[in-house]
**Q** 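Take a look at this one; I'll ask things after.
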Amino acid sequence: MAAPTSYRPDRPSDGRPADPSRPTDLADPGPVQESGVAAALAAAGPGAGPAGSGYRPSVVPHDLLAGVTAAHRRLVELLANVEDEVLRRPCGLPGWSVAHLLTHLARNAEGHAGMVEAASAGGVGDQYPGGRAQRDGDIEAGRDVPAAVARVAIADSVARLERAWDAVTVDGWRTGYGRVSSYGVTSLADLLFLRWREVEVHLVDLELADRGGPRWMDLDAPYLDLEWAWTVRGLPDRVPPEYTVLLAPGDRPSTAVGRGERLVIVDVPTVPALAWLTGRERGADDWPSLGPWM
């Protein structure tokens with residue numbers, strides 16, 4: 001990985017003109033540091049938005065940091081209302097209990113933290129160094145975990161991950177990466193999205209609406225926008241070769257995927273379409289069976 005870029009007061013890292021009122025002979029304070037949850041939340045405030053509304057592109061993915069940390073807060077707050085007996089319930093994933101899924105969310109955060117920490121140290125980390133066996137074993141080990149332990153595990157793993165994000169320099173965001181089993185080499189910014197996806201979707205999979213948990217319609221709108229783009233981009237590999245799928249959500253532009261002669265129009269809004277595309281809903285009888293969603 002490239003050495004960290006040093007701050008130069010006469011050459012701002014974000015490309016803005018230099019401030020002539022600032023001295024140019026200051027000592028070099030070390031690596032550029034533009035990351036951090038506080039900076040992300042500030043950047044996502046009233047001045048943030050699409051081009052033309054004050055938005056300025058940045059190497060640091062402030063919007064993703066703000067989104068995933070907000071999802072973390074929702075997860076922690078939800079667990080405050082969960083008792084031991086709730087963790088024994090089945091969740092929305094076949095064969096998994098609420099305890100299994102909460103354990104997975106904690107171990108997933110630790111895997112992401114390991115990748116980010118390795119990237120900050122100039123190395124490359126695997127999300128699950130022990131592979132699929134480690135992942136599955138860790139999840140099964142959480143089957144009987146009590147609610148108090150689950151709350152601590154989630155809080156501690158989230159805190160470790162957010163500290164790791166805080167420590168990433170600008171050059172770390174530019175060139176750092178981790179290795180994910182489903183995607184291979186993945187940039188730190190894309191890892192942020194994958195963690196955001198993990199929390200947003202599994203908050204629904206927990207099926208804790210009676211404890212204040214979200215349903216699909218409650219998911220964060222910026223997340224849904226990003227998820228739509230990611231999922232549609234990966235759809236060609238999942239559509240059976242005899243099909244062409246025309247996604248016509250009505251609340252965003254339509255798009256056609258596939259080259260088969262059998263045309264199917266998925267004429268539903270974004271949220272129910274995503275519930276089908278992510279394998280959470282079966283969809284209409286004439287919709288094709290898709291390959292696995294990653």
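Throughout, numbering of the chain's residues begins at 1 and tracks the sequence. Remember, predicted model here, so these are calculated numbers, not experimental data.
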**Q** Centre of W216's six-membered ring, under 6.0 Å away, within 45 degrees of the axis: is that where NZ or CZ of R280 sits?
**A**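 Verdict for W216: no cation-pi partner in R280.
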
**Q** Is it true that atom CD of E85 has more than 12 heavy atoms of other residues, nucleotides or ligands lying nearer than 6.0 Å?
**A** yes

**Q** For a salt bridge (Lys or Arg N to Asp or Glu O under 4.0 Å) with E83, tell me which candidate from R88, R151, R211 qualifies.
**A** R211

**Q** Are more than 12 heavy atoms from other residues, nucleotides or ligands located less than 6.0 Å from atom CZ of R262?
**A**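 Not more than 12 within 6.0 Å, no.
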
**Q** Of all the heavy-atom pairs spanning P249 and W228, show the shortest one and how long it is.
**A**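 Shortest heavy-atom separation between P249 and W228 comes out as CG-CZ2, 3.9 Å.
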
**Q** Would you say that Y128 contacts V180 through its side chain, given a criterion of any heavy-atom pair below 4.5 Å between the two side chains?
**A**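 The answer is no, as the side chains (C-beta and beyond) never meet within the 4.5 Å cut-off.
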
**Q** Please report the closest heavy-atom contact between A147 and V82, naming both atoms and the distance.
**A** CB-O, 3.5 Å

**Q** Quick one: do the E198 and H112 side chains pair a donor with an acceptor below 3.5 Å?
**A** no

**Q** Does a side chain donor of either H100 or S97 reach within less than 3.5 Å of an acceptor in the other side chain?
**A** yes

**Q** Is any NZ, NE, NH1 or NH2 atom of the basic residue among R160 and E117 found under 4.0 Å from an Asp or Glu carboxylate oxygen of the other?
**A**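 Salt bridge between R160 and E117, a charged N being under 4.0 Å from a carboxylate O: yes.
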
**Q** Are side-chain N/O atoms of H72 and R195 paired as donor and acceptor at under 3.5 Å?
**A** yes

**Q** Counting only N and O atoms by type, is there a donor-acceptor contact under 3.5 Å from the side chain of R238 to the main-chain atoms of P292?
**A**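 Side chain of R238 to backbone of P292, a donor-acceptor pair under 3.5 Å: yes, one is there.
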
